[in-house]
Enquirer: 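Quick one: the structure is below, and I'll ask about it shortly.
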Amino acid sequence: MPRALLIGSGNRDKATELAQLLDGTAWDVKTLGDFPEVPEPEETETTFEGNALLKARYYGRAFSVACVADDSGIEVEALSGAPGVRSARYAGENCSYDDNNRKLLAALKDAPPAGRRARFVCCAAFVDHDGTEHVELGTVEGLIAREARGSNGFGYDPIFMPSGFEQTFGELNPLVKSGVSHRGEAFRKMCAWLAEHGA
Ligand code: IMP
């Protein structure tokens, strides 16, 4: 019998990407929709790793189940790494993806081309009942585009062009995105680790 593995993310867009990345593992992958509703935890840590572990521990404990969670964000060179761990709330509490993208494009209006360098970072965390914890990191380097393009993906995807591509993540096929993305890298490493240690 495959063991249950909960994706501890209240962000539907991210949960969808993660479910695809975990497809084909020996785990019985569940999402938060399979469990009674609980409030989201407050992301009080100052690092991607701290917040990813916080979420995996919180949801794992709430439902007595093995859990994976991620914390991710975008770091922009001209902004000294901002918005970073504050990526979801860059334009304020309850802001939309569009609000964040508009704010970032405005902040880079006068930046030299090199200042548009950016990278996505993803930390994946696994927490099991017995206290086992494991984290993996993934990154993808690229540039912030001059305007939003494309409607695939979510978040900053329409304004991020991964190195080696002229298109934004918003324009690229989701499978191409997963092949080069920060989340794809972190979860491919996590799947390899889970195949050796999990289920
Ligand atoms: P959190 O990991 O739930 O704290 O939120 C991460 C935030 O970073 C998301 O709400 C997006 O704004 C942004 N982000 C993380 N990964 C991606 C991605 O793959 N594409 C676009 N935006 C992302």
Enquirer: Please round to the nearest 0.5 Å and tell me the distance separating atom OG of S181 and atom CG of D157.
Expert: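 Answer rounded to 0.5 Å: 8.5 Å.
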Enquirer: Could you state the interatomic distance from SG (C191) to CG (D23), rounded to the nearest 0.5 Å?
Expert: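 Answer for the SG-CG pair, C191 versus D23, is 9.5 Å.
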Enquirer: Above 12 or not: heavy atoms from other molecules or residues under 6.0 Å from CD of E147?
Expert: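 Counting other residues, nucleotides and ligands, CD of E147 exceeds 12 neighbours.
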Enquirer: Search all heavy atoms of Y90 against all heavy atoms of P83 and return the closest pair with its distance.
Expert: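 Heavy-atom minimum between the residues: CD1-CB, 3.5 Å.
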Enquirer: Does a side-chain N-to-carboxylate-O contact under 4.0 Å join E141 and R117?
Expert: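 No.
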Enquirer: In terms of ring plane angle, is the pair F120 and F169 parallel, tilted or perpendicular, where the classes change at 30° and 60°?
Expert: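 The rings of F120 and F169 lie parallel, inter-plane angle below 30°.
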Enquirer: Taking atom CD of E49 as the centre, report whether more than 12 heavy atoms of other residues, nucleotides or ligands fall under 6.0 Å from it.
Expert: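 Result for CD/E49: open.
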Enquirer: Output yes when a side-chain donor or acceptor of E185 lies under 3.5 Å from a complementary backbone atom of T139, and no otherwise.
Expert: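 The answer is yes, because a donor-acceptor pair under 3.5 Å joins these two groups.
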Enquirer: Taking C123 as the fixed residue, which of D70, N51, L137 is the one that meets the side-chain contact (heavy atoms from CB on, under 4.5 Å) rule?
Expert: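 Only one option passes, and that is L137.
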Enquirer: To the nearest 0.5 Å, what is the distance between CZ on F48 and OG on S72?
Expert: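 Rounded to the nearest 0.5 Å, the CZ-OG separation comes to 7.0 Å.
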Enquirer: Starting at CG of L105, measure out to CZ of R116 and round the result to the nearest 0.5 Å.
Expert: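 Answer for the CG-CZ pair, L105 versus R116, is 6.5 Å.
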Enquirer: Where do V76 and L104 come nearest, in terms of heavy atoms and distance?
Expert: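 Shortest heavy-atom contact: CG2-CD1, 3.9 Å.
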Enquirer: Would you say the side-chain atoms of N11 and S9 include a donor-acceptor pair closer than 3.5 Å?
Expert: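 No, because no side-chain N or O of N11 sits under 3.5 Å from a partner of the opposite role on S9.
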Enquirer: Please say whether more than 12 non-hydrogen atoms of neighbouring residues, nucleotides or ligands are located less than 6.0 Å from CG in N94.
Expert: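 Not buried by this count: 12 neighbours or fewer within 6.0 Å.
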